[in-house]
Amino acid sequence: MTSHPLFAVPAPLFVTLAEELPWLEAVPDLAAGYLERWKLRLDGEPLHGAASVVLPVMRTDGTPAMLKLQPVNEENADEALGLRTWGEDYAVRVLDDAPDATILLERLEPRSLSDLPDDTEATRILAELLARLRAVQAPPGLRRLEDIAGQMVADAPGLIPRLADPAEQTLVRRCAARVAELVPESGDRLLHWDLHYDNVMASRRHPWLAIDPKPLAGDPCFELYQALNNRWDDLVATGDLPRAIRRRFDLMVEVVGLDRERAVGWTLGRILQNVLWELEGGEHAMDPAQIAIAAALEDPRS
């Protein structure tokens, strides 16, 4: 763990950002520069996401804020643009930002939808927020789901044989076939791409706000998988996992106002995307949750 007079970089990031070691080692100095540039002072211990350092800070007028530092990449380069496009009624407020993906954000309450005891209530709240987010058209210049999905379909034949189980190969080929059908009409809405329960946080000025988007232009049906694959223990605890998956999925489809078949197809597309990422990373088997979600949604009874 890197030590510095200002703060120590949280140790878990040296695992999740192992390929960004030079950036991690430079983070305290980078933070010091932004504290001076934006006239901030530290106001607590450093926090972290999977790929970011988040510092509680105070502005000169006494406003609490959060300084988010992250190695810039194609997923987070347009984060501030996405948040501003939605507006502060839907998403965390951007107070300032820089081209290196450093963002100064309003400070929200330390409570997310993962903290709600009732997972059905949490899903409904998430879906109601998604219904508002989906109404916003993506600004020009964002990455497009059409391009990403087309590349997935192109890459699938070469990667799927790396799966050790022939049944899993067959499943993923079905996913690729569904995506191929949907690519020509991939949509133009501003997508969050990572809207799960930990990325919806409480606020004093608004009950719940979205944070940490990976902005993308596309079909909002592509947004559902993350919420299906989150709070997984709540689904398992029902004793009927396929039924619980379908109930959560159908609740989101109904509240957001989506076409169910398209939502099934793009959710299988999200499974395809994750599997291809994992195969490129050296895996040879699907995550059991991916298999369970695909099976539940492909069930003719659903």
Side-chain angles (χ1 to χ4, degrees), residues 73-87 90-91 126-160 171-196 199 210 212-230 248-280 286 290 293-294 296-298 302:
N73 56 47
E74 62 180 3
E75 291 190 358
N76 62 32
D78 293 315
E79 180 176 344
L81 173 62
L83 292 171
R84 286 194 171 107
T85 301
W86 279 315
Y90 301 160
L126 184 146
E128 289 170 350
L129 178 58
L130 179 55
R132 297 193 292 272
L133 299 180
R134 70 163 293 196
V136 177
Q137 184 169 349
L142 284 190
R143 289 186 302 160
R144 301 186 307 162
L145 176 58
E146 179 179 1
D147 298 330
I148 291 171
Q151 190 62 53
M152 287 158 48
V153 173
D155 292 343
L159 290 170
I160 289 173
L171 168 56
V172 180
R173 288 193 181 97
R174 288 201 305 273
C175 293
R178 292 293 292 273
V179 174
E181 295 172 357
L182 293 168
V183 167
E185 297 181 0
S186 296
D188 65 354
R189 300 293 91 184
L190 175 55
L191 305 187
H192 186 288
W193 202 3
D194 196 23
L195 194 66
H196 54 73
N199 278 345
D212 199 25
K214 311 292 186 284
L216 184 69
D219 189 325
C221 290
F222 195 60
E223 296 275 55
L224 304 186
Y225 176 80
Q226 289 297 82
L228 284 179
N229 194 37
N230 202 235
R248 184 182 286 182
F249 179 81
D250 289 338
L251 175 59
M252 289 192 289
V253 166
E254 177 184 358
V255 172
V256 181
L258 301 174
D259 178 88
R260 192 180 191 281
E261 281 307 302
R262 286 185 67 83
V264 169
W266 277 121
T267 301
L268 295 176
R270 192 61 189 270
I271 291 172
L272 171 66
Q273 183 178 56
N274 287 349
V275 171
L276 295 181
W277 281 339
E278 290 159 5
L279 292 174
E280 288 175 337
M286 292 180 66
Q290 296 168 352
I293 291 170
L297 298 186
E298 288 187 317
S302 65

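Note: hydrogens, waters and symmetry copies are ignored here, and every other heavy atom, side chains too, is used.
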Please report the interatomic distance [atom1]([X]) to [atom2]([Y]), rounded to the nearest 0.5 Å.
{"X": "Glu278", "Y": "Met286", "atom1": "CD", "atom2": "CE", "value": "8.0 Å"}
{"X": "Ile160", "Y": "Leu276", "atom1": "CD1", "atom2": "CG", "value": "6.5 Å"}
{"X": "Ile148", "Y": "Glu74", "atom1": "CD1", "atom2": "CD", "value": "7.0 Å"}
{"X": "Asn229", "Y": "Ile293", "atom1": "CG", "atom2": "CD1", "value": "4.5 Å"}
{"X": "Leu258", "Y": "Met252", "atom1": "CG", "atom2": "CE", "value": "9.0 Å"}
{"X": "Arg262", "Y": "Leu182", "atom1": "CZ", "atom2": "CG", "value": "5.5 Å"}

Regarding Arg134 and Glu223, does a basic nitrogen lie under 4.0 Å from an acidic carboxylate oxygen?
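Salt bridge: no.
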
Contact summary for [X] and [Y], nearest pair of heavy atoms:
{"X": "Ala131", "Y": "Val255", "answer": "CB-O, 4.0 Å"}
{"X": "Val179", "Y": "Gly269", "answer": "CG2-CA, 3.2 Å"}
{"X": "Asp259", "Y": "Cys221", "answer": "O-SG, 4.1 Å"}
{"X": "Asn199", "Y": "Asp194", "answer": "ND2-O, 2.9 Å"}
{"X": "Glu79", "Y": "Asp212", "answer": "OE2-CA, 3.8 Å"}
{"X": "Leu272", "Y": "Ala156", "answer": "CD1-CB, 4.3 Å"}

Please verify the inter-ring angle class for Phe222 with Trp266; under 30° counts as parallel, over 60° as perpendicular, anything in between as tilted.
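Ring orientation of Phe222 relative to Trp266: perpendicular.
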
How far apart are the C-alpha atoms of Leu228 and Thr267, what are their side-chain angles, what is the distance that settles it, and do they pass the side-chain contact (heavy atoms from CB on, under 4.5 Å) test?
CA-CA 9 Å; Leu228 284 179; Thr267 301; 4.0 Å; yes

So which of Leu195, Leu191, Leu190 actually passes side chain to side chain contact (heavy atoms under 4.5 Å, CB included) with Leu133?
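That would be Leu195; it is the only one of Leu195, Leu191, Leu190 passing the side chain to side chain contact (heavy atoms under 4.5 Å, CB included) with Leu133.
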
May I ask you to decide if Ser186's main-chain N or O and Arg144's side chain share a donor-acceptor pair within less than 3.5 Å?
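Not at all, since once roles are kept as given, no pair shorter than 3.5 Å links the two residues.
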
Please confirm whether the backbone N or O of Gly150 pairs with a side-chain atom of Asp147, one donor and one acceptor, at under 3.5 Å?
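No, Asp147 side chain to Gly150 backbone: no donor-acceptor pair under 3.5 Å.
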
Should [X] and [Y] count as side-chain neighbours, where that means a heavy-atom distance under 4.5 Å?
{"X": "Leu81", "Y": "Pro215", "answer": "no"}
{"X": "Val172", "Y": "Leu279", "answer": "no"}
{"X": "Glu146", "Y": "Val183", "answer": "yes"}
{"X": "Arg189", "Y": "Gln137", "answer": "yes"}

Decide yes or no on side-chain contact (heavy atoms from CB on, under 4.5 Å) for Arg270 and Leu224, but give the supporting numbers first.
CA-CA 9 Å; Arg270 192 61 189 270; Leu224 304 186; over 6 Å; no

Is the number of heavy atoms from other residues, nucleotides or ligands under 6.0 Å of Glu280 CD greater than 12?
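Enclosed.
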
For Trp193 and Leu145, what are the C-alpha separation, side-chain angles and deciding distance, and is it a side-chain contact (heavy atoms from CB on, under 4.5 Å)?
CA-CA 10 Å; Trp193 202 3; Leu145 176 58; over 6 Å; no

Would Leu171 and Ile271 count as a side-chain contact (heavy atoms from CB on, under 4.5 Å) if you check the C-alpha gap in whole Å, the side-chain angles of each, and the deciding distance to 0.1 Å?
CA-CA 10 Å; Leu171 168 56; Ile271 291 172; 6.0 Å; no

Side-chain donor-acceptor pair present, Gln226, Asn230, cut-off under 3.5 Å:
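Not at all, the side chains of Gln226 and Asn230 share no donor-acceptor pair under 3.5 Å.
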
